[in-house]
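Let me begin by presenting the structure, written as C-alpha coordinates, before commenting on it.
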Amino acid sequence: MKVLVTGGVGYIGSHTCVELLNAGYEVVVADDLRNSKEEALNRVEKITGKRPYFYKEDVCDKKAMERIFSEHKIDVIIHFAGYKAVGESVAQPVKYYRNNLNSTLVLLDCMEKYDVKTLIFSSSATVYGMPDSNPITEDESLKPINPYGRTKYMGELIIRDFMDAHPEKSAVLLRYFNPVGAHESGILGEDTPDTPNNLMPYIEKVVAGKFPHLRVFGNDYDTPDGTGVRDYIHVVDLAKGHLAAITYAMEHTGTECINLGTGTGYSVLDIVHAFESASGVPVPYIITQRRPGDAATCYSNPSKAKELLGWQAKENIEDMCRSAYNWTKKNPDGYGE
Ligand code: UD1
(Lines give C-alpha, C1' and ligand atoms only; values in the text may rest on other atoms or scores of the structure.)
Protein backbone atom coordinates (compact mmCIF):
# COMPACT_ATOMS: atom_id res chain seq x y z
CA MET A 1 0.00 0.00 0.00
CA LYS A 2 1.40 3.36 -1.07
CA VAL A 3 0.88 6.56 0.91
CA LEU A 4 1.59 10.07 -0.34
CA VAL A 5 2.67 12.21 2.61
CA THR A 6 2.63 15.93 1.81
CA GLY A 7 4.80 17.90 4.20
CA GLY A 8 6.49 14.62 5.07
CA VAL A 9 9.77 16.34 5.94
CA GLY A 10 8.15 18.45 8.69
CA TYR A 11 7.78 17.69 12.37
CA ILE A 12 4.61 15.60 12.44
CA GLY A 13 5.10 14.42 8.85
CA SER A 14 8.55 12.94 9.46
CA HIS A 15 7.43 11.12 12.61
CA THR A 16 4.47 9.74 10.66
CA CYS A 17 6.81 8.54 7.89
CA VAL A 18 8.72 6.53 10.51
CA GLU A 19 5.56 4.83 11.72
CA LEU A 20 4.33 4.16 8.16
CA LEU A 21 7.66 2.66 7.04
CA ASN A 22 7.91 0.55 10.18
CA ALA A 23 4.40 -0.76 9.51
CA GLY A 24 5.37 -1.76 5.95
CA TYR A 25 3.71 1.01 3.94
CA GLU A 26 5.46 2.41 0.90
CA VAL A 27 5.89 6.14 1.39
CA VAL A 28 6.12 8.95 -1.16
CA VAL A 29 6.91 12.38 0.27
CA ALA A 30 6.07 15.70 -1.41
CA ASP A 31 7.63 18.68 0.35
CA ASP A 32 9.28 21.77 -1.09
CA LEU A 33 11.48 22.21 2.02
CA ARG A 34 10.18 25.74 2.55
CA ASN A 35 9.89 25.13 6.29
CA SER A 36 11.82 21.90 6.67
CA LYS A 37 15.22 20.37 6.01
CA GLU A 38 15.96 17.28 3.96
CA GLU A 39 18.20 16.05 6.78
CA ALA A 40 14.97 14.88 8.48
CA LEU A 41 14.60 12.27 5.73
CA ASN A 42 18.14 11.03 6.38
CA ARG A 43 17.10 10.59 10.00
CA VAL A 44 13.93 8.76 8.99
CA GLU A 45 16.11 6.41 6.96
CA LYS A 46 18.51 5.93 9.87
CA ILE A 47 15.65 4.92 12.15
CA THR A 48 13.74 2.68 9.75
CA GLY A 49 16.40 1.48 7.34
CA LYS A 50 14.16 2.69 4.50
CA ARG A 51 14.04 5.93 2.58
CA PRO A 52 10.76 7.33 1.28
CA TYR A 53 10.52 8.37 -2.38
CA PHE A 54 11.07 12.12 -2.23
CA TYR A 55 9.77 14.90 -4.50
CA LYS A 56 10.93 18.41 -3.69
CA GLU A 57 7.75 20.04 -4.92
CA ASP A 58 5.13 22.57 -3.89
CA VAL A 59 1.79 20.83 -3.33
CA CYS A 60 0.07 23.82 -4.97
CA ASP A 61 1.90 22.98 -8.21
CA LYS A 62 -0.69 20.83 -9.93
CA LYS A 63 1.58 19.65 -12.75
CA ALA A 64 4.19 18.49 -10.25
CA MET A 65 1.56 16.65 -8.20
CA GLU A 66 0.12 15.01 -11.32
CA ARG A 67 3.58 13.73 -12.15
CA ILE A 68 3.77 12.05 -8.74
CA PHE A 69 0.35 10.46 -9.16
CA SER A 70 1.22 9.20 -12.62
CA GLU A 71 4.52 7.73 -11.43
CA HIS A 72 3.03 6.06 -8.34
CA LYS A 73 -0.26 4.30 -7.73
CA ILE A 74 -1.18 6.19 -4.58
CA ASP A 75 -3.72 4.50 -2.29
CA VAL A 76 -3.85 7.05 0.53
CA ILE A 77 -2.95 10.73 0.89
CA ILE A 78 -1.93 12.23 4.23
CA HIS A 79 -1.97 15.99 3.78
CA PHE A 80 0.30 17.76 6.29
CA ALA A 81 1.82 20.46 4.08
CA GLY A 82 0.79 23.94 5.11
CA TYR A 83 1.63 27.15 6.90
CA LYS A 84 0.94 27.07 10.62
CA ALA A 85 2.10 30.24 12.36
CA VAL A 86 -0.85 32.05 13.88
CA GLY A 87 0.78 35.51 14.09
CA GLU A 88 2.04 35.36 10.52
CA SER A 89 -1.43 34.35 9.32
CA VAL A 90 -2.88 37.51 10.87
CA ALA A 91 -0.25 39.66 9.13
CA GLN A 92 -0.38 37.81 5.78
CA PRO A 93 -3.82 36.19 5.47
CA VAL A 94 -3.81 35.88 1.68
CA LYS A 95 -0.56 33.92 1.77
CA TYR A 96 -2.22 31.52 4.22
CA TYR A 97 -5.48 31.12 2.32
CA ARG A 98 -3.72 30.72 -1.02
CA ASN A 99 -1.28 28.10 0.17
CA ASN A 100 -3.35 26.08 2.62
CA LEU A 101 -6.48 25.99 0.48
CA ASN A 102 -4.88 25.63 -2.97
CA SER A 103 -2.81 22.65 -1.89
CA THR A 104 -5.95 20.91 -0.67
CA LEU A 105 -7.82 21.70 -3.91
CA VAL A 106 -4.94 20.32 -6.01
CA LEU A 107 -4.95 17.09 -4.02
CA LEU A 108 -8.73 16.70 -4.34
CA ASP A 109 -8.45 17.12 -8.12
CA CYS A 110 -5.78 14.43 -8.12
CA MET A 111 -7.94 12.13 -5.98
CA GLU A 112 -10.61 12.41 -8.64
CA LYS A 113 -8.33 12.05 -11.65
CA TYR A 114 -6.15 9.25 -10.27
CA ASP A 115 -8.88 7.39 -8.43
CA VAL A 116 -7.49 7.75 -4.91
CA LYS A 117 -10.02 6.60 -2.33
CA THR A 118 -8.64 7.84 0.98
CA LEU A 119 -7.53 11.17 2.44
CA ILE A 120 -6.25 11.90 5.95
CA PHE A 121 -6.26 15.65 6.62
CA SER A 122 -4.13 17.46 9.13
CA SER A 123 -6.61 19.70 10.91
CA SER A 124 -6.19 21.31 14.31
CA ALA A 125 -7.94 21.96 17.58
CA THR A 126 -7.55 25.56 16.52
CA VAL A 127 -10.84 25.09 14.58
CA TYR A 128 -12.66 25.26 17.96
CA GLY A 129 -11.34 28.77 18.68
CA MET A 130 -12.28 29.76 22.23
CA PRO A 131 -14.17 26.61 23.27
CA ASP A 132 -17.45 26.99 25.19
CA SER A 133 -16.62 24.04 27.43
CA ASN A 134 -13.93 21.44 28.19
CA PRO A 135 -13.16 18.67 27.46
CA ILE A 136 -13.87 19.45 23.81
CA THR A 137 -15.84 16.91 21.80
CA GLU A 138 -16.03 16.97 18.01
CA ASP A 139 -19.57 18.44 18.34
CA GLU A 140 -18.23 21.67 19.80
CA SER A 141 -19.06 24.61 17.55
CA LEU A 142 -16.34 25.60 15.09
CA LYS A 143 -15.36 29.25 15.34
CA PRO A 144 -11.66 29.72 14.63
CA ILE A 145 -10.37 33.14 15.62
CA ASN A 146 -7.48 33.71 13.19
CA PRO A 147 -6.76 33.18 9.47
CA TYR A 148 -4.62 30.09 10.12
CA GLY A 149 -7.47 28.47 12.01
CA ARG A 150 -9.91 29.47 9.29
CA THR A 151 -7.75 27.79 6.62
CA LYS A 152 -8.09 24.54 8.59
CA TYR A 153 -11.82 25.07 9.07
CA MET A 154 -12.35 25.86 5.37
CA GLY A 155 -10.16 22.91 4.40
CA GLU A 156 -12.49 20.67 6.41
CA LEU A 157 -15.59 22.13 4.70
CA ILE A 158 -14.10 21.72 1.22
CA ILE A 159 -13.14 18.11 1.91
CA ARG A 160 -16.62 17.33 3.24
CA ASP A 161 -18.23 18.75 0.09
CA PHE A 162 -15.84 16.75 -2.08
CA MET A 163 -16.57 13.53 -0.20
CA ASP A 164 -20.33 14.15 -0.45
CA ALA A 165 -19.89 14.37 -4.22
CA HIS A 166 -17.77 11.17 -4.24
CA PRO A 167 -19.59 8.75 -1.95
CA GLU A 168 -17.18 5.91 -2.70
CA LYS A 169 -14.28 7.83 -1.11
CA SER A 170 -13.39 8.58 2.49
CA ALA A 171 -11.69 11.26 4.54
CA VAL A 172 -10.64 11.53 8.16
CA LEU A 173 -10.09 15.06 9.48
CA LEU A 174 -7.71 14.81 12.42
CA ARG A 175 -7.90 17.68 14.87
CA TYR A 176 -4.58 17.76 16.70
CA PHE A 177 -4.22 19.23 20.15
CA ASN A 178 -0.66 20.31 21.11
CA PRO A 179 1.97 17.99 19.63
CA VAL A 180 5.27 17.91 21.53
CA GLY A 181 8.22 15.59 22.14
CA ALA A 182 10.45 13.70 19.77
CA HIS A 183 11.34 10.22 18.54
CA GLU A 184 12.94 8.06 21.25
CA SER A 185 16.15 7.77 19.19
CA GLY A 186 16.77 11.48 19.82
CA ILE A 187 17.63 12.01 16.15
CA LEU A 188 14.19 13.09 14.91
CA GLY A 189 12.38 16.04 16.47
CA GLU A 190 11.04 19.52 15.92
CA ASP A 191 13.42 21.79 14.03
CA THR A 192 12.07 25.11 15.24
CA PRO A 193 12.77 28.71 14.26
CA ASP A 194 15.33 30.67 16.28
CA THR A 195 12.51 32.27 18.25
CA PRO A 196 9.77 29.66 18.58
CA ASN A 197 6.14 30.67 19.15
CA ASN A 198 5.14 27.52 20.96
CA LEU A 199 5.77 26.57 24.56
CA MET A 200 7.78 23.34 24.43
CA PRO A 201 10.30 24.47 21.79
CA TYR A 202 10.77 27.72 23.70
CA ILE A 203 11.52 25.80 26.90
CA GLU A 204 14.03 23.70 24.95
CA LYS A 205 15.82 26.87 23.84
CA VAL A 206 15.90 28.18 27.42
CA VAL A 207 17.43 24.93 28.61
CA ALA A 208 19.97 25.11 25.75
CA GLY A 209 20.98 28.54 27.05
CA LYS A 210 19.66 30.45 24.03
CA PHE A 211 17.22 32.52 26.09
CA PRO A 212 17.61 33.55 29.72
CA HIS A 213 14.05 32.64 30.68
CA LEU A 214 10.63 31.56 29.50
CA ARG A 215 7.95 34.23 29.39
CA VAL A 216 4.75 32.78 30.84
CA PHE A 217 1.91 34.54 29.04
CA GLY A 218 -0.39 35.38 31.95
CA ASN A 219 -1.06 33.82 35.35
CA ASP A 220 -4.49 35.34 35.90
CA TYR A 221 -6.57 32.86 33.90
CA ASP A 222 -9.39 30.97 35.53
CA THR A 223 -7.30 27.77 35.83
CA PRO A 224 -5.87 25.97 38.90
CA ASP A 225 -2.56 27.91 38.87
CA GLY A 226 -3.67 30.82 36.70
CA THR A 227 -1.63 29.78 33.61
CA GLY A 228 -3.06 28.43 30.36
CA VAL A 229 -4.08 24.77 30.21
CA ARG A 230 -3.53 22.64 27.08
CA ASP A 231 -3.68 19.02 25.95
CA TYR A 232 -0.08 18.12 25.07
CA ILE A 233 0.29 14.95 23.03
CA HIS A 234 3.46 13.04 22.19
CA VAL A 235 4.22 13.38 18.48
CA VAL A 236 4.80 9.62 18.17
CA ASP A 237 1.32 8.93 19.59
CA LEU A 238 -0.02 11.47 17.12
CA ALA A 239 1.83 9.78 14.25
CA LYS A 240 0.33 6.42 15.24
CA GLY A 241 -3.12 8.02 15.19
CA HIS A 242 -2.64 8.55 11.45
CA LEU A 243 -2.06 4.84 10.87
CA ALA A 244 -5.21 4.03 12.82
CA ALA A 245 -7.06 6.62 10.71
CA ILE A 246 -5.86 4.98 7.49
CA THR A 247 -7.17 1.59 8.62
CA TYR A 248 -10.52 3.14 9.53
CA ALA A 249 -10.81 5.14 6.30
CA MET A 250 -10.03 2.10 4.15
CA GLU A 251 -13.00 0.31 5.72
CA HIS A 252 -15.50 3.19 5.58
CA THR A 253 -16.74 5.89 3.24
CA GLY A 254 -17.68 9.50 3.99
CA THR A 255 -16.03 12.03 6.27
CA GLU A 256 -15.23 11.83 9.98
CA CYS A 257 -13.60 14.50 12.13
CA ILE A 258 -11.66 13.11 15.08
CA ASN A 259 -9.78 14.75 17.95
CA LEU A 260 -6.26 13.51 18.61
CA GLY A 261 -5.38 14.44 22.17
CA THR A 262 -4.78 12.73 25.49
CA GLY A 263 -7.82 14.09 27.31
CA THR A 264 -5.67 15.61 30.06
CA GLY A 265 -4.91 19.29 30.46
CA TYR A 266 -1.63 20.63 31.84
CA SER A 267 -0.84 24.23 32.73
CA VAL A 268 2.22 26.13 31.54
CA LEU A 269 3.74 25.75 35.01
CA ASP A 270 2.96 22.00 35.05
CA ILE A 271 5.01 21.74 31.85
CA VAL A 272 7.83 23.83 33.28
CA HIS A 273 8.02 21.56 36.33
CA ALA A 274 7.71 18.35 34.32
CA PHE A 275 10.51 19.52 32.03
CA GLU A 276 12.71 20.39 34.99
CA SER A 277 12.23 16.97 36.55
CA ALA A 278 12.75 15.12 33.25
CA SER A 279 15.93 17.06 32.41
CA GLY A 280 17.35 17.92 35.81
CA VAL A 281 17.86 21.43 34.44
CA PRO A 282 16.09 24.48 35.91
CA VAL A 283 13.74 26.40 33.63
CA PRO A 284 13.75 30.02 34.78
CA TYR A 285 10.60 31.96 33.91
CA ILE A 286 8.97 35.34 34.31
CA ILE A 287 5.28 36.14 34.20
CA THR A 288 4.26 38.55 31.43
CA GLN A 289 1.04 39.80 29.80
CA ARG A 290 -1.43 37.38 28.30
CA ARG A 291 -0.81 36.62 24.61
CA PRO A 292 -3.73 37.95 22.54
CA GLY A 293 -5.98 35.19 21.22
CA ASP A 294 -5.04 32.57 23.84
CA ALA A 295 -7.83 30.55 25.45
CA ALA A 296 -7.55 29.81 29.18
CA THR A 297 -8.21 26.11 28.78
CA CYS A 298 -8.31 23.75 25.83
CA TYR A 299 -8.22 19.95 26.14
CA SER A 300 -9.85 17.14 24.27
CA ASN A 301 -12.40 14.49 24.86
CA PRO A 302 -10.56 11.73 22.96
CA SER A 303 -13.40 9.13 23.15
CA LYS A 304 -14.29 9.23 19.47
CA ALA A 305 -10.72 8.31 18.46
CA LYS A 306 -10.84 5.36 20.84
CA GLU A 307 -14.24 4.24 19.66
CA LEU A 308 -13.75 4.61 15.89
CA LEU A 309 -10.00 4.16 15.48
CA GLY A 310 -9.21 1.97 18.48
CA TRP A 311 -6.45 4.50 19.19
CA GLN A 312 -5.48 6.26 22.37
CA ALA A 313 -2.42 8.20 23.44
CA LYS A 314 0.01 6.17 25.56
CA GLU A 315 2.89 8.48 26.42
CA ASN A 316 2.64 10.68 29.51
CA ILE A 317 3.94 14.15 30.20
CA GLU A 318 7.27 12.82 31.56
CA ASP A 319 7.81 10.84 28.33
CA MET A 320 7.05 13.95 26.29
CA CYS A 321 9.48 16.14 28.25
CA ARG A 322 12.20 13.48 28.41
CA SER A 323 12.11 12.88 24.66
CA ALA A 324 12.04 16.63 23.93
CA TYR A 325 15.09 17.11 26.17
CA ASN A 326 16.91 14.15 24.61
CA TRP A 327 16.33 15.63 21.13
CA THR A 328 17.41 19.12 22.06
CA LYS A 329 20.52 17.91 23.91
CA LYS A 330 21.65 15.87 20.90
CA ASN A 331 20.62 18.50 18.33
CA PRO A 332 21.02 21.94 19.93
CA ASP A 333 20.77 23.50 16.45
CA GLY A 334 18.04 21.22 15.15
CA TYR A 335 19.05 19.75 11.79
CA GLY A 336 21.59 22.54 11.27
CA GLU A 337 22.14 24.21 7.93
C1 UD1 B 1 -0.68 27.28 19.15
C2 UD1 B 1 -1.55 28.01 18.17
C3 UD1 B 1 -2.49 27.01 17.53
C4 UD1 B 1 -1.68 25.92 16.86
C5 UD1 B 1 -0.74 25.27 17.86
C6 UD1 B 1 0.19 24.32 17.16
C7 UD1 B 1 -1.73 30.31 19.01
C8 UD1 B 1 -2.61 31.34 19.63
N9 UD1 B 1 -2.27 29.08 18.84
O10 UD1 B 1 -1.51 26.69 20.14
O11 UD1 B 1 -3.33 27.65 16.60
O12 UD1 B 1 -2.55 24.95 16.31
O13 UD1 B 1 0.06 26.26 18.50
O14 UD1 B 1 0.89 23.57 18.10
O15 UD1 B 1 -0.58 30.57 18.67
N16 UD1 B 1 3.02 29.95 26.30
C17 UD1 B 1 3.79 30.69 27.17
N18 UD1 B 1 5.01 31.15 26.75
C19 UD1 B 1 5.50 30.89 25.50
C20 UD1 B 1 4.71 30.12 24.61
C21 UD1 B 1 3.48 29.68 25.05
O22 UD1 B 1 3.38 30.97 28.30
O23 UD1 B 1 6.61 31.34 25.17
C24 UD1 B 1 1.71 29.42 26.76
C25 UD1 B 1 0.53 29.90 25.95
O26 UD1 B 1 0.01 31.09 26.45
C27 UD1 B 1 -0.43 28.70 26.11
C28 UD1 B 1 0.50 27.50 26.23
O29 UD1 B 1 1.77 28.03 26.62
O30 UD1 B 1 -1.16 28.81 27.31
C31 UD1 B 1 0.67 26.73 24.93
O32 UD1 B 1 1.05 27.64 23.91
P33 UD1 B 1 1.52 27.12 22.46
O34 UD1 B 1 2.54 26.07 22.62
O35 UD1 B 1 1.87 28.32 21.66
O36 UD1 B 1 0.23 26.40 21.87
P37 UD1 B 1 -1.26 26.98 21.67
O38 UD1 B 1 -1.35 28.42 21.91
O39 UD1 B 1 -2.18 26.10 22.42
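Starting from 1, each residue takes its place in the sequence as its number. Every number for a ligand or one of its atoms is a count from 1 in the order of the listing.
Across all their heavy atoms, C298 and F177 have their closest contact at SG-CE2, 4.0 Å.
In terms of the ring-ring contact (aromatic ring centres under 6.0 Å, His included) criterion, residue partners of F69 (sequence neighbours excluded) are, by chain and number, Y114.
Side-chain contact between V236 and E19 is present, with at least one heavy-atom pair separated by less than 4.5 Å.
The list of side-chain hydrogen bond (donor to acceptor under 3.5 Å, both in side chains) pairs with a residue in residues 170-179, not counting sequence neighbours, reads S122-Y176, Y128-R175, E156-R175, Y176-H242. Screening residues 186-208 for side-chain hydrogen bond (donor to acceptor under 3.5 Å, both in side chains) gives K37-D191 as the qualifying pairs, with residues at least two apart or on separate chains.
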Could you check ligand 1 for N or O atoms lying under 3.5 Å from protein N or O atoms and list the pairs with distances?
residue: ligand 1; atom: 11 (O); partner: T126; partner atom: OG1; Å: 3.0
residue: ligand 1; atom: 12 (O); partner: S124; partner atom: OG; Å: 3.2
residue: ligand 1; atom: 13 (O); partner: N198; partner atom: ND2; Å: 2.9
residue: ligand 1; atom: 18 (N); partner: R215; partner atom: O; Å: 2.7
residue: ligand 1; atom: 22 (O); partner: R215; partner atom: O; Å: 3.4
residue: ligand 1; atom: 22 (O); partner: F217; partner atom: N; Å: 2.9
residue: ligand 1; atom: 26 (O); partner: D294; partner atom: OD2; Å: 2.6
residue: ligand 1; atom: 32 (O); partner: R291; partner atom: NH2; Å: 3.4
residue: ligand 1; atom: 34 (O); partner: L199; partner atom: N; Å: 2.8
residue: ligand 1; atom: 35 (O); partner: N198; partner atom: ND2; Å: 2.9
residue: ligand 1; atom: 35 (O); partner: R291; partner atom: NH1; Å: 3.4
residue: ligand 1; atom: 35 (O); partner: R291; partner atom: NH2; Å: 2.8
residue: ligand 1; atom: 36 (O); partner: N178; partner atom: ND2; Å: 3.1
residue: ligand 1; atom: 38 (O); partner: R291; partner atom: NH2; Å: 2.7
residue: ligand 1; atom: 39 (O); partner: N178; partner atom: ND2; Å: 2.9
residue: ligand 1; atom: 39 (O); partner: R230; partner atom: NE; Å: 2.6

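Comment: D132 engages K143 in a salt bridge, judged by a side-chain N to carboxylate O separation of less than 4.0 angstrom.
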